[in-house]
Colleague: 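Could you have a look at this structure, given as structure tokens, before my questions?
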4 protein chains.
Amino acid sequence: MCAASRTRGESDKGELRRQQVLEAATECFRREGFHGSSIARISQAAGMSPGHIYHYFANKEAIVEAIAEREEHDIAELLRKLEQDREGGGLVDMLTRQTAEIVERNTDPAYAGLMLELAAEAARNPAVRKILQRSEREIGGQFFRLVQRVGAPAALDDAELQMRLQMIALMFNGLTLRMLNDPDFDLDAAARLINGIIRFLLEEAPPR
Amino acid sequence: MCAASRTRGESDKGELRRQQVLEAATECFRREGFHGSSIARISQAAGMSPGHIYHYFANKEAIVEAIAEREEHDIAELLRKLEQDREGGGLVDMLTRQTAEIVERNTDPAYAGLMLELAAEAARNPAVRKILQRSEREIGGQFFRLVQRVGAPAALDDAELQMRLQMIALMFNGLTLRMLNDPDFDLDAAARLINGIIRFLLEEAPPR
Amino acid sequence: MCAASRTRGESDKGELRRQQVLEAATECFRREGFHGSSIARISQAAGMSPGHIYHYFANKEAIVEAIAEREEHDIAELLRKLEQDREGGGLVDMLTRQTAEIVERNTDPAYAGLMLELAAEAARNPAVRKILQRSEREIGGQFFRLVQRVGAPAALDDAELQMRLQMIALMFNGLTLRMLNDPDFDLDAAARLINGIIRFLLEEAPPR
Amino acid sequence: MCAASRTRGESDKGELRRQQVLEAATECFRREGFHGSSIARISQAAGMSPGHIYHYFANKEAIVEAIAEREEHDIAELLRKLEQDREGGGLVDMLTRQTAEIVERNTDPAYAGLMLELAAEAARNPAVRKILQRSEREIGGQFFRLVQRVGAPAALDDAELQMRLQMIALMFNGLTLRMLNDPDFDLDAAARLINGIIRFLLEEAPPR
DNA sequence: GATGAATGAGTTTTCATTCAT
DNA sequence: CATGAATGAAAACTCATTCAT
């Protein structure tokens with residue numbers, strides 16, 4: 001039992017405290033942005049002293065990096081769930097069944113705030129950019145293998161399939177920016193059109 | 001003649017200096033982000049004293065707003081050009097002819113950096129958000145009217161047409177994020193697929 | 001005519017402009033205090049450019065000094081009027097007849113604001129202090145001579161008379177501070193008691 | 001014992017440091033005025049870094065407020081002492097016995113400088129004005145009750161008594177301004193006349 | 001006389017980070 | 001582990017003053 005909890009917690013209570021910091025920082029970054037969140041505020045939200053934050057993270061940037069890494073795990077988890085929840089139908093059915101949920105997630109202001117914060121940071125900060133890119137590669141690969149397991153369209157070679165999967169991801173990325181720029185954007189209509197495009201990309205569009 | 005140039009208000013030297021500030025700030029924001037660019041640095045880049053910046057802008061935020069506004073004018077200009085350059089073919093031909101150029105523009109690291117910076121700022125700063133949204137509405141409306149002038153698909157009512165045009169914009173938005181997350185992203189393939197989707201959206205997809 | 005206007009205006013339009021500055025500065029100092037009033041704001045209120053203020057005053061402090069000097073002239077004028085308005089009765093009657101008006105003047109927030117501003121400045125700034133003290137001496141002497149003309153109490157020698165006149169001035173000074181500290185201070189009752197004390201000081205109190 | 005000192009909250013070292021700031025700021029304000037005393041200078045005088053000042057005070061204004069509050073406590077203490085030191089005689093005797101001391105205090109340049117600084121600030125700054133007014137009310141009430149305990153003149157109803165006590169306070173207020181304007185002001189003669197007026201106000205002046 | 005663009009030092013305030021306890 | 005006092009280097013912004021026009 002003790003061993004098990006060790007394995008889970010990586011180092012007992014310490015890991016828990018570390019997660020507290022990440023949780024608190026994520027919330028702060030969402031609401032106030034990276035530069036708007038002082039260590040003092042984060043430490044307060046995490047229920048510990050400012051000084052003690054530095055027990056778990058070398059500096060403020062390290063917190064951003066850790067959050068970026070955690071984001072990866074969350075999405076990977078989502079993908080795993082996606083495959084398990086498959087009730088029937090082909091690839092397109094499986095994907096389109098999730099669309100509404102992903103649309104909602106990607107247009108949630110809290111998610112959008114954190115995502116854009118990370119992206120803007122990545123655009124300037126190579127360390128953060130590296131993490132985001134590695135994370136993306138990981139997720140992209142996982143998604144690709146999932147699609148192959150479920151049954152990829154025979155007409156598309158690997159490169160073309162990958163490209164089309166990326167186009168799907170691109171649309172979800174675009175949603176976040178679109179929602180920000182147009183508060184009246186119709187999410188249901190968007191989900192419907194996205195599903196149409198997914199089907200088009202995976203079944204109808206000529207292979208080339 | 002002199003009166004004419006006065007009316008324009010641009011040759012007033014004061015306006016020139018103001019533009020200097022915007023130019024410098026744009027460059028700084030791209031490279032260092034909004035919060036990473038101090039007034040001191042911007043003033044240095046603009047070739048004037050820090051105090052003098054405040055002769056032209058009430059505060060730092062006002063600079064962001066002015067940049068956002070300028071961005072709007074640039075895109076509006078692009079749209080105007082788009083219509084004038086129409087050499088032949090239908091709506092889809094006109095649009096797809098521009099795709100490669102827009103892809104290039106939206107994935108240019110300098111453009112992407114500024115854009116994400118503005119978006120991240122807008123996600124938290126209501127003043128900036130307002131400007132971006134107004135700008136977007138303006139551009140969206142202009143695009144919509146352009147399409148109607150050129151010849152909108154008969155099968156789509158106004159609301160549905162607008163939605164599909166927004167989906168096109170959404171893809172270009174998504175490009176910026178995708179490029180950041182995947183440095184190996186294949187731009188040519190993306191342009192080809194985007195054009196396929198544009199045709200799908202405006203000619204093939206069922207009206208509903 | 002020309003000569004006359006020269007004599008009056010000291011230097012034609014220039015003096016007028018100078019007075020404009022003083023007027024504007026006085027109003028600004030009242031409302032925002034010495035340190036709260038920038039040259040920019042004063043120049044705006046005076047209807048001229050910031051740079052041109054320095055045509056009339058060596059620096060900001062010189063404006064304060066000029067205002068302090070002007071204050072002296074205003075009060076001297078008041079004293080002259082006091083003697084002319086004498087309708088009848090003895091010294092005490094003459095003085096008490098003015099009390100209500102002086103009470104009102106000294107508790108007017110605008111007057112109080114400027115007065116305290118000048119006093120606080122004088123407490124630190126020797127130049128301003130000198131001006132205020134010289135002004136006070138001038139006014140005190142004038143007041144003293146006025147009282148002698150009207151008819152000083154026989155029982156008091158010059159030094160004692162002067163002291164008692166100063167006590168009267170002291171009460172009016174105190175009013176300004178009292179009004180600030182107690183917004184409910186009853187001005188009518190104060191005027192009544194002040195008049196009682198004036199009579200006490202000039203007619204009843206033992207000479208010593 | 002330790003608990004007791006903790007309860008007092010003064011020995012907490014933190015409180016000591018806080019007092020250091022107040023001491024330093026008081027001295028700075030006296031010498032240079034509120035606006036003439038930068039946080040940098042105050043911090044230097046207090047023997048700590050500029051940033052650390054903000055550990056104890058939210059902003060510069062909060063320091064002024066704390067000083068105003070401390071002034072209140074000092075005067076309240078004085079009043080307490082006044083009652084305890086009562087050796088004999090009636091109300092007027094008790095009051096006049098203190099006059100010389102209060103005259104000296106109110107004409108001490110250091111005290112005068114701080115007082116006028118606070119007053120000038122209060123004339124414009126509502127927050128400071130509130131504090132000064134609350135403090136004044138507190139002290140006025142305390143003074144009033146003290147007089148009633150010692151034995152108020154039977155002929156005066158409460159409102160009239162309070163008014164006359166305020167007139168006494170007014171004279172002491174006036175002293176501060178008078179001393180500033182007339183460096184040769186005779187303090188002994190002033191004390192003598194003030195005592196005469198106190199007796200007049202509490203024993204001789206008709207009740208009305 | 002008159003303007004207002006321009007400067008640059010100075011102001012308050014914030015904050016990541018360190019370290020004695 | 002944990003605290004929070006302490007630092008000091010920024011940051012944004014203001015403003016008296018100067019000077020070319």
Side-chain angles (χ1 to χ4, degrees), chain A residues 11-14 17-18 34-44 46-63, chain B residues 12-14 16-18 34-44 46-63, chain C residues 11-14 17-18 34-44 46-63, chain D residues 12-14 16-18 34-44 46-63:
Chain A
S11 117
D12 259 20
K13 193 171 129 199
R17 297 282 265 161
R18 210 185 106 102
F34 177 58
H35 290 278
S37 305
S38 66
I39 291 285
R41 226 196 273 267
I42 293 171
S43 76
Q44 209 174 353
M48 70 183 67
S49 72
H52 201 46
I53 296 268
Y54 289 82
H55 204 76
Y56 301 108
F57 298 93
N59 50 36
K60 203 179 166 187
E61 196 167 289
I63 301 180
Chain B
D12 256 340
K13 194 187 168 208
L16 227 82
R17 295 286 265 162
R18 210 186 107 101
F34 177 59
H35 292 281
S37 305
S38 68
I39 290 287
R41 223 195 275 268
I42 293 172
S43 76
Q44 212 171 351
M48 69 182 70
S49 71
H52 201 45
I53 298 269
Y54 291 86
H55 219 72
Y56 300 107
F57 299 93
N59 47 39
K60 207 180 165 188
E61 194 168 289
I63 301 180
Chain C
S11 118
D12 258 20
K13 195 170 126 200
R17 297 283 264 160
R18 210 186 106 102
F34 177 58
H35 290 278
S37 305
S38 66
I39 291 285
R41 224 196 275 266
I42 293 171
S43 77
Q44 209 174 352
M48 70 183 68
S49 71
H52 200 46
I53 297 269
Y54 289 83
H55 204 75
Y56 300 109
F57 299 94
N59 50 36
K60 204 181 168 187
E61 195 166 291
I63 301 180
Chain D
D12 256 339
K13 195 186 166 209
L16 227 82
R17 296 286 265 160
R18 210 185 107 102
F34 177 59
H35 292 282
S37 306
S38 69
I39 290 287
R41 223 195 274 268
I42 293 171
S43 76
Q44 212 171 350
M48 69 183 68
S49 72
H52 201 43
I53 297 271
Y54 290 85
H55 218 74
Y56 300 107
F57 299 93
N59 48 39
K60 206 181 166 187
E61 195 168 289
I63 301 180

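Here is the naming used below: chain letters follow the sequence lines, and residue numbers restart at 1 for every chain.
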Colleague: In whole angstrom, what separates F57(B)'s CZ from dC13(F)'s P?
Modeller: 13 Å
Colleague: Can you measure N59(D) atom CG to dT11(E) atom C1' for me and round it to whole angstrom units?
Modeller: 14 Å
Colleague: Give a yes/no on whether any side-chain N or O of R17(D) is located under 4.0 angstrom from OP1 or OP2 of dA6(F).
Modeller: yes
Colleague: Does the pair H35(D) and F34(C) meet the rule for a side chain to side chain contact (heavy atoms under 4.5 Å, CB included), with working shown?
Modeller: CA-CA 9 Å; H35(D) 292 282; F34(C) 177 58; over 6 Å; no
Colleague: Using whole Å, report how far NE2 of H55(B) lies from P of dT14(F).
Modeller: 13 Å
Colleague: Just how far, in rounded Å, is P of dT3(F) from CD1 of I53(A)?
Modeller: 10 Å
Colleague: Can you name the nearest heavy-atom pair linking S43(B) to A40(B), along with the distance?
Modeller: OG-O, 2.8 Å
Colleague: What contact category does Y56(D) fall into here, base, sugar-phosphate, or nothing, at under 4.0 angstrom with non-hydrogen atoms?
Modeller: sugar-phosphate
Colleague: Given atom CZ of R18(D) and atom P of dA5(F), what is their separation to the nearest angstrom?
Modeller: 13 Å
Colleague: So, is H52(D) close to the dT7(F) phosphate, meaning a side-chain N or O under 4.0 Å from OP1 or OP2?
Modeller: no
Colleague: Can you tell me if S49(C) touches the phosphate of dG4(E), counting only side-chain N or O atoms and a distance under 4.0 Å to OP1 or OP2?
Modeller: no
Colleague: Consider the side chain of Y54(C), meaning its heavy atoms from C-beta on, and name the nucleotide among dT18(E), dT14(F), dT17(F) that approaches it most closely.
Modeller: dT17(F)
Colleague: How many Å lie between CZ on F34(B) and P on dA12(F), as a whole number?
Modeller: 8 Å
Colleague: Tell me what I39(B) touches on the nucleic acid: a base, only sugar-phosphate, or nothing, going by heavy atoms under 4.0 Å.
Modeller: sugar-phosphate
Colleague: Is there a side-chain contact between K13(C) and the phosphate of dA2(E), meaning an N or O under 4.0 Å from OP1 or OP2?
Modeller: yes
Colleague: Using both distances under 3.5 Å as the test, list the Watson-Crick or G-U wobble partner of dA20(F), or none.
Modeller: dT3(E)
Colleague: For M48(B) and A58(A), find the nucleotide of DNA chain E closest to each by heavy atoms; which residue's nucleotide sits nearer the 5' end?
Modeller: M48(B)
Colleague: Separation of Q44(C) atom CD from dG4(E) atom P, in whole Å?
Modeller: 11 Å
Colleague: Just how far is it from atom CD1 of I63(C) to atom CD1 of I42(C), taken to the nearest 0.5 Å?
Modeller: 5.0 Å
Colleague: Identify the heavy atoms of K60(C) and I39(C) that sit nearest to each other, and give their distance.
Modeller: CG-CD1, 3.9 Å
Colleague: Which one, dC15(F), dC15(E), dT12(E), comes nearest to the side chain of S38(A)?
Modeller: dC15(E)
Colleague: Starting from the 5' end of DNA chain F, give me the residue, H35(C) or K60(B), whose nearest nucleotide shows up first.
Modeller: K60(B)
Colleague: Return the value, rounded to whole Å, for the distance between atom CZ of R41(C) and atom P of dT14(F).
Modeller: 10 Å
Colleague: Please report the shortest heavy-atom distance between N59(D) and Y54(D), naming the atom on each side.
Modeller: CA-CE2, 3.8 Å
Colleague: Find which nucleotide of DNA chain E each of E61(D) and G47(C) is nearest to by heavy atoms, and output the residue with the more 5' nucleotide.
Modeller: G47(C)
Colleague: Would you classify S43(A) as touching base, sugar-phosphate or nothing, given that sugar-phosphate means primed atoms plus P, OP1 and OP2, and contacts are heavy atoms under 4.0 Å?
Modeller: nothing
Colleague: With under 30° as parallel and over 60° as perpendicular, where do the rings of H52(D) and Y56(D) fit, or are they tilted in between?
Modeller: perpendicular
